[in-house]
Amino acid sequence: MRVSNLFGKTLRDEPAEAEIASHRLMLRAGLISQVASGVYSYLPLAWRSLRKIEQIIREEMDAAGAQELRLPVLQPLEIWETSGRSEVLGRDMFRVQDRRERPMVMAPTHEEVLTSHVKANVNSYRDLPLILYQIQTKFRDEPRPRGGLIRVREFDMKDAYSFDADDEGLDQSYQAMMRAYGRIYERCGLSTIMVEADSGAIGGKHSHEFIAPASAGEDTIVLCDSCGYAANVERAAFAKTATPPEEPLPLEEVATPGVKTIERLASYLDIPAWKTIKAVLYVADGKMVFAAVRGDLEVNEVKLKNALGGAQLRFAAPQEVAAAGLTVGSASPIGADAAIIADDSLRLGSNFVMGSNKDGFHLRNANFPRDFDADVVTDIALVQDGYGCRVCGGVLSARRGIEVGHIFKLGTRYSEAFDCTFPDHADALRPVVMGCYGIGVGRLLAAAVEQTNDEAGMVLPESIAPYKVWLTALNVEREDVAGAADALYGDLVDAGVEVLYDDREESVGVKFNDADLLGLPIRLVVSPRNIKRDVVEARRRTGGEATLVPSGEAAEYVRSLLSVR
RNA sequence: CGGGGUGUGGCGCAGUUUGGUAGCGCGCGUCGUUCGGGACGACGAGGUCCUGGGUUCAAGUCCCAGCACCCCGACCA
């Protein structure tokens, strides 16, 4: 491709709306163009990269024994009501009506349709196991799209679904997908960390995310420095420090005028935060929820939500708090008209200070469960950087990253909803055991740009760069230059090398800067200076010295530099 | 949905305070001079100033309503 013909211009100025590197660079280099919030067109350069990523995914999925198929975006709302997810997904789902006013949706994921097909096509244990996948557009009306391709409302996703006869089969399918994911990211030149994750709206009991470490990422994960434990903070378990044992003392009231926060309470009474109980008040499905954690910890809303069985959570409004008989700033679980969810850290201490439901007073020497009961006692605390590892006692450190893949053990949630069963060896009807596995293709590209860019521009990995070589001709208006560059371009094309030929009559600075901006792995320079010596100059985008190669050997030399041809 | 911000040629912005009918840089076109890290000169094209309503002799500017987009939070590949 000649740059003079390429659709998509580079921009000199930084696009104003872009904050993060991948968004800025992809706009500046002419890869993408915005259509609406969270909706982008992929221009030719981006589309080439995306197709390469898709191809790598396809090869690894096929190698893992998965079969590609294609499911529709447009689906009747009905099947989403069958699974109960019409309500779960709510306004995240784009809804449309057909001409007969039949309610339809633009699919945000495909468990429902595929399970219904599997029901019709799997009649025996002999038809299992099965892994099916597609690479296709998903629609999710995200509350807040952000960061260019990081979070969008229309995006391409590879989604795979496994169907097994039992949990052991699911384990094997899950492992196979896990390994395939590792290879996919490696081949794409992306560094990722697999972490334990919460399964969210997709459901299921067990899931892992693949996180590409990057400061622009939306996710926070913790890693153990000694045993390798890795988890999303939404899910991460950690060692809660035990506090010095004490003899339980009688409950008593203590005056705390104007004290509304744990920080103030601790300093007012001159006690450590871990001697207090923190109350955070939420409303879930119209019911008041009293979340209690030890004062030195924070509430993890995802864990709390799971403890409540997946209800929608929001902070309680002051009027609601009052209506439940609670006092803001000094809320007490004793006598509260609320579901009380206690973090298990409350069992690790004694003689706590907590609210009294009386403004200006707290209770001293509160002991759990002596003085109050909880509806649920579980882990609802949020991990923090530096906390201890629950597995080995090492130190957990926090990192930001981009979720580029997520795999789930679904179990029988969907197969039961769709009555997707099969007769086993003993002729007993059993629901198929499912797993599902997703990779966001555009997000993967954005993550790769986030991980590899420098001040001059993108430095895309060779395997997913839109072209391998940027051939630049300086002073193309000179016949000798144009002739030599055209000839080399022809040689490269004949040798099967993907090359972008910058044949524009632009100044050197413009041409070199554009080459750096797009950041193709190899840059070749044909110029009057090089022609005089009958050489071509070759240089890698990742740095190092330029090499002067005899013109006749240039195409072959370039091929030798490429690891993927 | 809550909070913050921005809408002016393709891109980046000024002009809004104090109303008088739109300007700069880049880019674009033609010609000439340049030519190894975003060159220079000359001439030129290109704008419903987000939308609707209002005030006014007159609105990019003031008032009202709405919309879009970005950023921070609650959600996800």
Side-chain angles (χ1 to χ4, degrees), chain A residues 8-20 23-24 27-28 30 33-39 53 57 88-93 108-110 135-160 181 197-202 207 209-212 217-219 232 234 282 301-302 305 312-315 317 402-408 436-447 456-457 472-478 481 505-517 523 525-530 537 539 546:
Chain A
K9 294 258 183 287
T10 57
L11 303 173
R12 286 204 184 196
D13 296 314
E14 295 287 355
E17 75 269 23
E19 301 264 322
I20 67 171
H23 189 197
R24 221 173 51 228
L27 284 171
R28 267 196 69 200
S33 195
Q34 187 175 23
V35 174
S37 178
V39 181
I53 294 168
I57 292 173
V88 178
L89 291 163
R91 284 154 57 84
D92 283 4
M93 203 149 54
T109 172
H110 285 76
I135 297 175
Q136 188 241 33
T137 311
K138 302 286 186 253
F139 294 83
R140 295 184 186 175
D141 197 357
E142 294 286 345
R144 188 161 89 83
R146 65 172 288 267
L149 295 190
I150 296 289
R151 182 174 209 75
V152 289
R153 298 192 294 170
E154 172 179 334
F155 62 100
D156 292 335
M157 175 162 117
K158 186 286 300 175
D159 46 324
Y181 272 42
D198 182 76
S199 51
I202 302 289
S207 86
E209 286 171 337
F210 291 81
I211 301 285
E218 300 179 287
D219 286 83
N232 193 302
E234 292 176 352
Y282 295 90
E301 293 187 9
V302 174
K305 194 169 154 182
Q312 287 294 319
L313 268 190
R314 61 173 174 82
F315 281 119
I402 301 164
E403 181 189 355
V404 289
H406 199 159
I407 59 178
F408 305 78
C436 76
Y437 315 89
I439 292 180
V441 180
R443 185 183 278 181
L444 195 161
L445 176 61
T472 189
L474 302 182
N475 306 104
V476 260
E477 68 288 348
R478 282 177 47 157
V481 172
E505 290 189 26
E506 285 288 352
S507 72
V508 217
V510 170
K511 299 183 78 146
F512 283 162
N513 279 303
D514 278 350
D516 291 343
L517 176 61
R523 187 180 79 196
V525 180
V526 171
S527 68
R529 199 165 88 183
N530 292 337
E537 185 182 322
R539 178 193 293 264

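Lettering of chains follows the sequences in order, A, B, ..., and the numbering in each one begins at 1. These figures come from a predicted structure and were not determined experimentally.
Between the P atom of B:rA77 and the CD atom of A:Glu209 lies a distance of 8 Å, rounded to the nearest Å. Between A:Arg91 atom CZ and B:rA74 atom C1' the separation is 14 Å, expressed in whole Å. Rounded to an integer number of Å, the gap from A:Arg151 CZ to B:rA77 P is 9 Å. Atom CD in A:Glu142 sits roughly 15 Å away from atom C1' in B:rG73 (whole-Å rounding).
Across all strands shown, B:rG73 forms a Watson-Crick or G-U wobble pair, both distances under 3.5 Å, with B:rC1. Across all strands shown, B:rG41 pairs with B:rC31; the Watson-Crick or G-U wobble distances both stay below 3.5 Å. For B:rC24, the paired nucleotide is B:rG12, the pair qualifying as Watson-Crick or G-U wobble because both relevant distances are below 3.5 Å. When both distances must be under 3.5 Å, the Watson-Crick or G-U wobble mate of B:rU18 does not exist. In a base pair of the Watson-Crick type (N1 to N3 plus N6-O4 or O6-N4) or a G-U wobble (N1-O2 and O6-N3), with each distance short of 3.5 Å, B:rG60 is matched with no nucleotide.
B:rC70 and B:rG27 have their P atoms separated by 28 Å, given to the nearest Å. Only the P atoms considered, B:rG15 is 10 Å distant from B:rG7, to the nearest whole Å. To the nearest whole angstrom, the two C1' atoms, one in B:rU51 and one in B:rA68, are 10 Å apart.
A:Phe155 qualifies as a stacking partner of the B:rA77 base, centre to centre under 5.5 Å and near-parallel within 30°.
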Between the protein and nucleotides 40-42 of chain B, list the N/O to N/O atom pairs that are separated by less than 3.5 angstrom.
none

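The base of B:rG38 sits within donor-acceptor range of the side chain of A:Arg28, with an N or O pair under 3.5 Å. Between the side chain of A:Asp514 and the base of B:rG37, no donor-acceptor pair of N or O atoms lies under 3.5 Å.
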- request: Quick one, give me the B/S/- string for nucleotides 26-35 of chain B, reading 5' to 3', where B means a protein heavy atom under 4.0 Å from the base and S means that only happens at the primed atoms, P, OP1 or OP2.
  value: SS-------B

- prompt: How does protein reach along nucleotides 66-72 of chain B, written 5' to 3' as B (base within reach of a heavy atom under 4.0 Å), S (only sugar-phosphate), or - (no contact)?
  reply: ---SSBB

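Closest to the side chain of A:Pro143, out of B:rA39, B:rA74, B:rG36, is B:rA74.
Every residue was checked against the ring-ring contact (aromatic ring centres under 6.0 Å, His included) condition with A:His110, not counting sequence neighbours, and none meets it. Checked against salt bridge (charged side-chain N to carboxylate O under 4.0 Å, His left out), A:Asp141 has the following partners two or more places apart in sequence or in another chain: A:Arg153. Residues passing the side-chain hydrogen bond (donor to acceptor under 3.5 Å, both in side chains) test with A:Asp159, sequence neighbours excluded: A:Gln134, A:Lys138, A:Tyr161.
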Evaluation steps, side chain to side chain contact (heavy atoms under 4.5 Å, CB included), between A:Glu17 and A:His23: CA-CA 9 Å; A:Glu17 75 269 23; A:His23 189 197; 4.1 Å; yes

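Nucleotides of RNA chain B nearest to A:Glu403 and A:Val525 differ in position, and the one nearer the 5' end is that of A:Val525.
Aromatic ring orientation, A:Tyr282 versus A:Phe315: parallel (interplanar angle below 30°, classes split at 30° and 60°).
Checked by atom type, the side-chain pair A:Asp198/A:Asn232 shows no donor-acceptor distance below 3.5 Å.
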